[in-house]
Amino acid sequence: MTRRVWFVTGAGRGLGRAITRAALARGDRVAAAARDPRVLDDLVAEHGDAVAPLRLDVTDADQAAAAVGAATDRFGRLDVVVNNAGYGLFGYVEEITPAQLRDQLEVNLLGVLHVTQAALPVLRAQASGHVVQVSSSSGVAAWPGLGGYSASKWALEGLSESLAQEVEGFGVHVTLVEPGPVDTAWRDESAVRATPLPAYDALRAAAWHPPGSSTPEEVARVVLAVVDADEPPLRILVGDLAADAVLPLTEERLAGWRRWEGLGRSGD
C-alpha cells in the first residue's frame, strides 16, 4: 500500500488524534494540526519525522493557508485532508444566542471552508486526493437541543455535496463521515451550552440520552477503510446508533415528500 500524507485538523485530542494515530501506526505520514501543537509532542517523540505538528485555529483563513503550505513543503504532497475540528453547541433554539450560533458556524462550517480552499489547489495540481469531512448523524437528522449544532452540520453536508461534484473531474474524492455519539470531549469540556429557559425544563428532563457510543478508534478505522476504497462513498453513517436513528428518519422523510408530492407539483 502506498504511504499516504494526511492533513488532520483538531489532531490534539478525540477523533482527530485517533485518526492521526491510526494513520501513523500503518506507516503513513501526518501533518497534525491543533490550536496548541505542544499537545502533539508525544506523537512526535514516538513517530519522529513522520508527524509534522502544526499550529492552526481553523477560524483563521491565513493560518489555514500557512498550515497547508507548511505541510506540503514538509511532505511534498497531500493525499487525505480530514476536516475534523469542531465542537458541540447545546441548547433549544429559543435558548441559543445569535453569537453562539455564529461562533458555531465559524468553526464547524467556515473552518472547514478555510482548510478545504487552502488544500484544493494542491489536490487539483496532483489530480488526486481525498477530502474527508467529519460531519455527524446530526447533519442528516435533527433532535431537540441540538438545533445550532445540526445547522452547522447540515450546512457542511450541502457544501460538501456540491464540492464533490465540482472536484470529481480533478480526481479528488469527498466523503462525509456521519458518526452517532462518539466518546470524546464533544459533549463535555469542549461543548458550549446555552442558558436554559424554565419553559423547556420538562422537555429537558424527558430528553433521551442514547446508551453507549462509538470510540474514536472505531471511527478512525472506518475513516482509513473509506480512504483505502477504490470507490469511496459520498456519505457513510458510523455506529449502530447512527444507522438505527437516521435510516428510519430518512424513510419517514421520503414518505412525507411522496404523500404531499401531488400538491407540491400542482402548485395549487
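Closest heavy-atom contact between Gly12 and Ala34: N-CB, 4.0 Å. When every heavy atom of Val8 is checked against every heavy atom of Ala11, the shortest pair comes out as O-CB, 3.7 Å. Of all heavy-atom pairs spanning Ala67 and Leu54, the tightest one is O-CD1, 3.5 Å. Residues Val39 and Arg17 approach most closely at O-NH1, 3.3 Å, considering heavy atoms. Shown here for Pro179 and Ala242, the closest heavy-atom pair between the two residues is C-CB, 4.1 Å. Minimum interatomic distance between Leu224 and Ala23 (heavy atoms only, all atoms of both residues): CD2-N, 4.3 Å.
Residues Tyr92 and Phe90 do not share a hydrophobic cluster, clusters being chains of Ile/Leu/Val/Met/Phe/Trp/Tyr side chains in contact below 4.5 Å. Both Val222 and Leu24 belong to a single network of hydrophobic side chains, linked directly or stepwise wherever heavy atoms of I, L, V, M, F, W or Y lie under 4.5 Å apart. Hydrophobic clustering (side-chain heavy atoms under 4.5 Å, transitive across Ile, Leu, Val, Met, Phe, Trp, Tyr) keeps Val112 apart from Leu89. Cluster annotation: Phe7 is not connected to Leu176 through the hydrophobic network of ILVMFWY side chains, with a link wherever side-chain heavy atoms come within less than 4.5 Å. Taking hydrophobic clusters as Ile, Leu, Val, Met, Phe, Trp and Tyr residues chained together by side-chain heavy-atom distances below 4.5 Å, Leu247 does not share a cluster with Leu241.
Judged purely by atom type and a 3.5 angstrom limit, Arg3 uses its side chain to pair as donor or acceptor with the backbone of Gly27. Distance alone, capped at 3.5 Å, is enough to place a donor-acceptor pair between the Arg74 side chain and the Asp49 backbone. Checking side-chain atoms of Gln126 against main-chain N and O of Leu78 turns up a donor-acceptor pair under 3.5 Å. Gln100 contributes a side-chain N or O that, together with a main-chain N or O of Thr97, makes up a donor-acceptor pair within less than 3.5 Å. Between the side chain of Glu217 and the backbone N or O of Ile19 there is no donor-acceptor pair closer than 3.5 Å. In this structure, the side chain of Ser266 engages the main chain of Leu263 through a donor-acceptor pair within 3.5 Å. Distance alone, capped at 3.5 Å, is enough to place a donor-acceptor pair between the Trp154 side chain and the Ala141 backbone. Looking at Asn108, its side chain never comes within 3.5 Å of a backbone N or O of Ser152 through a donor-acceptor pair. A distance-only check finds a donor-acceptor pair linking the side chain of Asn84 to the backbone of Thr9 [under 3.5 Å]. Under the 3.5 Å distance criterion, the side-chain polar atoms of Thr175 are left unmatched by any main-chain donor or acceptor of Arg235.
Val134 is listed as a side-chain neighbour of Leu15, based on a closest heavy-atom distance under 4.5 Å. Contact annotation: the side chain of Phe170 never approaches that of Leu123 to less than 4.5 Å [non-hydrogen atoms, C-beta and beyond]. With a 4.5 Å cut-off on side-chain heavy atoms, Leu43 and Arg21 count as touching. Leu56 is not listed as a side-chain neighbour of Arg35, based on a closest heavy-atom distance of 4.5 Å or more. Looking only at side-chain heavy atoms (C-beta outward), Pro233 and Val226 come within less than 4.5 Å of each other. Residues Leu120 and Leu163 meet the side-chain proximity criterion, which asks for heavy atoms closer than 4.5 Å. A heavy-atom distance below 4.5 Å is not found between the side chains of Leu40 and Val51. Contact of the Val132 side chain with the His130 side chain is registered, since non-hydrogen atoms from C-beta on lie closer than 4.5 Å.
With no hydrogens or angles considered, no side-chain donor-acceptor pair links His114 and Thr59 at under 3.5 Å. For the residue pair Ser135/Glu178, the side-chain donor-acceptor check at 3.5 Å is not satisfied. A side-chain N or O of Asn83 and one of Thr116 form a donor-acceptor pair less than 3.5 Å apart.
Residues satisfying the salt bridge (Lys or Arg N to Asp or Glu O under 4.0 Å) criterion with Arg124, sequence neighbours excluded, are absent altogether.
Look at Asp228 and Arg4 and you find a salt bridge, because one of the NZ, NE, NH1 or NH2 atoms lies within 4.0 Å of a carboxylate O, short of that distance. Checked for salt-bridge contact, Arg38 and Asp41 miss the test: no charged N lies under 4.0 Å from a carboxylate O. The pair Glu106-Arg102 fails the salt-bridge criterion, with no side-chain N (NZ, NE, NH1 or NH2) lying under 4.0 Å from an Asp/Glu carboxylate O.
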*Between Thr250 and Val140, is a side chain to side chain contact (heavy atoms under 4.5 Å, CB included) present by the stated rule, with each step listed?*
CA-CA 8 Å; Thr250 302; Val140 285; 5.8 Å; no
*Dump the intermediate steps for side chain to side chain contact (heavy atoms under 4.5 Å, CB included) on Leu109 and Leu113, then the final yes or no.*
CA-CA 6 Å; Leu109 179 63; Leu113 179 67; over 6 Å; no
*Applying side chain to side chain contact (heavy atoms under 4.5 Å, CB included), run through Ser128 and Arg77 and close with a yes or a no.*
CA-CA 10 Å; Ser128 67; Arg77 62 182 294 111; 3.5 Å; yes
*Passes side chain to side chain contact (heavy atoms under 4.5 Å, CB included), Val227 versus Trp6? Steps please.*
CA-CA 11 Å; Val227 166; Trp6 296 63; 3.9 Å; yes
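More than 12 non-hydrogen atoms from other residues, nucleotides or ligands lie less than 6.0 angstrom from CG of Asp60.
Summarising the geometry, atom CD belonging to Glu95 is positioned 4.5 Å from atom CG belonging to Leu197; distances are rounded to the nearest 0.5 Å. Rounding to the nearest 0.5 Å places OH of Tyr149 at 10.5 Å from CH2 of Trp143. Remark: Arg29 CZ to Asp79 CG distance equals 8.5 Å, nearest 0.5 Å. Between His173 atom NE2 and Asp230 atom CG the span is 8.5 Å, to the nearest 0.5 Å. Expressed to the nearest 0.5 Å, how far CG of Asp57 lies from CG of Asp36 amounts to 12.0 Å. How far CD of Gln133 is from CG of Leu156: 5.5 Å, rounded to the nearest 0.5 Å.
Glu261 pairs in a side-chain hydrogen bond (donor to acceptor under 3.5 Å, both in side chains) with only one of the listed residues (Arg258, Arg265, Arg259), which is Arg265.
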